[in-house]
Chemist: 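What follows is a single structure, and I will ask about it in a moment.
Just so it is clear, the model here is predicted, and its values are computed rather than measured. Residue numbers start at 1 and run along the sequence shown.
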Amino acid sequence: VLGTETGLTTIALPSLEMSGELDAPIPFDALAVNGQQMLGASASYWQVWGASDSKWEQLPLTIAASSLSFGFGDTFWVTAIDEKDGNPFTGQFNKHGEFLRSYRDEVLPVRVCASTAIEEIAVLEKSDATQRLRVLSLGATSTNSPGEWVVDFEKVIQSCENFGIVKGKLVADAGTVPQIDHVEVSLSAGGLSASAQKLAVRVTSDHAGLWLATKSGLRLAFLASQPNVRRV
């Protein structure tokens, strides 16, 4: 089911042929389908609508939803901005739009996918240069209370365009900390001198890939066909 400015379009799988068109009360930014049930939400209208057998009814929710997902039992989940306090949240509601519970954290939620078989949700969150995916369940272990969220899986991705070494450790964002862009290697004396000379080398890049070069720019060896690298 695809949402357009004029309504909804249904497409058959796997042929991808258009199988019909449905009316929608408003243009939807988010959609969820579960059998003959559908949910639609508009962030600009601050409305959530539900439909059974293509009959739409507005739910008593004033939220700007970025995603919708049917959940366990007769419930559904949203990631949205609450009009009352302006804060983002991930919330569960019953089919009548009555609030049941929420999951809130310091990272901004942008999408939720819920299981219809058990009380489990996957939440995609973003904050500045960080993206986090969490799968959570309610009281999944004997040591947790039924209403407590348990993180069953977590994966964090950080933007590392400005990675570097800070206090001896590799970090995703080194900020303005000066970075050493070369290393010194000892050359073989070859029996011609009493002590080995040292050569400063670094990795440079161009449209062809990565090169090992001297600090003055003399290329010594081709390393890899990875073009246009901005930081080494």
Side-chain angles (χ1 to χ4, degrees), residues 1-84 86-105 107-127 131-138 140 149 152-155 157:
V1 180
L2 301 178
T4 67
E5 292 187 359
T6 58
L8 303 175
T9 300
T10 58
I11 295 178
L13 297 175
S15 65
L16 296 180
E17 293 182 356
M18 188 177 71
S19 59
E21 294 185 354
L22 302 172
D23 293 330
I26 58 174
F28 291 139
D29 301 317
L31 280 171
V33 180
N34 183 26
Q36 298 300 314
Q37 294 181 305
M38 286 191 293
L39 290 169
S42 169
S44 56
Y45 284 82
W46 292 72
Q47 294 179 10
V48 179
W49 291 72
S52 180
D53 297 325
S54 303
K55 295 180 180 180
W56 290 99
E57 179 182 354
Q58 185 177 354
L59 301 180
L61 294 173
T62 308
I63 57 175
S66 59
S67 71
L68 298 163
S69 179
F70 283 96
F72 178 67
D74 291 327
T75 69
F76 66 91
W77 285 86
V78 304
T79 52
I81 303 295
D82 194 335
E83 185 188 44
K84 295 180 180 178
N87 293 325
F89 73 103
T90 305
Q92 186 184 31
F93 300 84
N94 66 17
K95 63 180 181 180
H96 304 295
E98 297 173 342
F99 173 76
L100 299 177
R101 59 175 59 87
S102 67
Y103 159 72
R104 296 175 185 260
D105 201 76
V107 188
L108 175 69
V110 294
R111 186 171 182 179
V112 62
C113 289
S115 170
T116 57
I118 58 175
E119 286 284 15
E120 185 177 79
I121 58 173
V123 183
L124 181 65
E125 304 164 303
K126 288 185 179 181
S127 178
Q131 185 182 84
R132 182 173 72 183
L133 173 64
R134 273 186 168 181
V135 177
L136 307 106
S137 57
L138 279 175
W149 287 111
D152 298 321
F153 172 85
E154 181 175 291
K155 177 67 175 180
I157 299 175

Chemist: Inspect the surroundings of CZ in Phe89 and state if more than 12 heavy atoms from other residues, nucleotides or ligands are less than 6.0 Å away.
Modeler: yes
Chemist: For the side chain of Thr79 and the backbone of Pro109, is there at least one donor-acceptor N/O pair under 3.5 Å apart?
Modeler: no
Chemist: How long is the span from the CG atom in Leu2 to the CD atom in Glu21, to the nearest 0.5 Å?
Modeler: 11.0 Å
Chemist: Does CD in Glu154 sit with more than 12 non-hydrogen atoms of other residues, nucleotides or ligands closer than 6.0 Å?
Modeler: yes
Chemist: Any non-hydrogen side-chain atom of Trp46 less than 4.5 Å from a side-chain atom of Ile81?
Modeler: yes
Chemist: Between Trp77 (side chain) and Ala122 (backbone), is there a donor-acceptor pair under 3.5 Å?
Modeler: no
Chemist: Just so I know, are the side chains of Asp105 and Arg132 near enough to count as touching, which here means a heavy-atom distance under 4.5 Å?
Modeler: yes
Chemist: Could you tell me the separation between the CD1 atom of Ile63 and the CD atom of Gln47, rounded to the nearest 0.5 Å?
Modeler: 11.0 Å
Chemist: For residues Ser69 and Ala114, report the shortest heavy-atom separation together with the two atoms involved.
Modeler: OG-N, 2.8 Å
Chemist: Check the pair Gln37, Lys95 against side chain to side chain contact (heavy atoms under 4.5 Å, CB included), reporting the backbone distance first and the verdict last.
Modeler: CA-CA 10 Å; Gln37 294 181 305; Lys95 63 180 181 180; 5.7 Å; no
Chemist: Between atom CG of Leu68 and atom CZ of Phe28, what is the distance when rounded to the nearest 0.5 Å?
Modeler: 9.0 Å
Chemist: Looking at every heavy atom in both Val112 and Val123, which two are closest together, and how far apart are they?
Modeler: CG2-CG2, 4.2 Å
Chemist: Run the ring-ring contact (aromatic ring centres under 6.0 Å, His included) check on Phe99 and Phe93 step by step: do they pass?
Modeler: CA-CA 5 Å; Phe99 173 76; Phe93 300 84; 5.7 Å; yes
Chemist: Which pair of heavy atoms, one from Val107 and one from Ser127, lies closest together, and at what distance?
Modeler: CG1-CB, 3.8 Å
Chemist: Under 3.5 Å, side chain of Ser66 to main-chain N/O of Val110, donor-acceptor pair present?
Modeler: yes
Chemist: So does Asp23 get a backbone contact from the side chain of Trp56, meaning a donor-acceptor N/O pair under 3.5 Å?
Modeler: yes
Chemist: Provide the closest heavy-atom pair for Phe70 versus Asn34 in the form atom of the first, atom of the second, distance.
Modeler: CD1-CB, 3.4 Å
Chemist: Considering residues, nucleotides and ligands other than Gln58, do more than 12 of their heavy atoms fall under 6.0 Å from its CD?
Modeler: yes
Chemist: Report the C-alpha distance between Leu133 and Phe153 in whole Å, list the side-chain angles of each, state the deciding distance to 0.1 Å, and finish with yes or no for side chain to side chain contact (heavy atoms under 4.5 Å, CB included).
Modeler: CA-CA 8 Å; Leu133 173 64; Phe153 172 85; 4.1 Å; yes
Chemist: How about Arg111: does its CZ atom have over 12 heavy atoms from other parts shown lying under 6.0 Å from it?
Modeler: no
Chemist: At what distance, to the nearest 0.5 angstrom, does NZ of Lys84 lie from OG1 of Thr62?
Modeler: 8.5 Å
Chemist: Between Leu8 and Leu31, is the side chain to side chain contact (heavy atoms under 4.5 Å, CB included) condition met? List the steps.
Modeler: CA-CA 10 Å; Leu8 303 175; Leu31 280 171; 3.8 Å; yes
Chemist: What's the verdict on side chain to side chain contact (heavy atoms under 4.5 Å, CB included) for Leu59 and Phe76, showing C-alpha distance, side-chain angles and the deciding distance?
Modeler: CA-CA 12 Å; Leu59 301 180; Phe76 66 91; 3.7 Å; yes
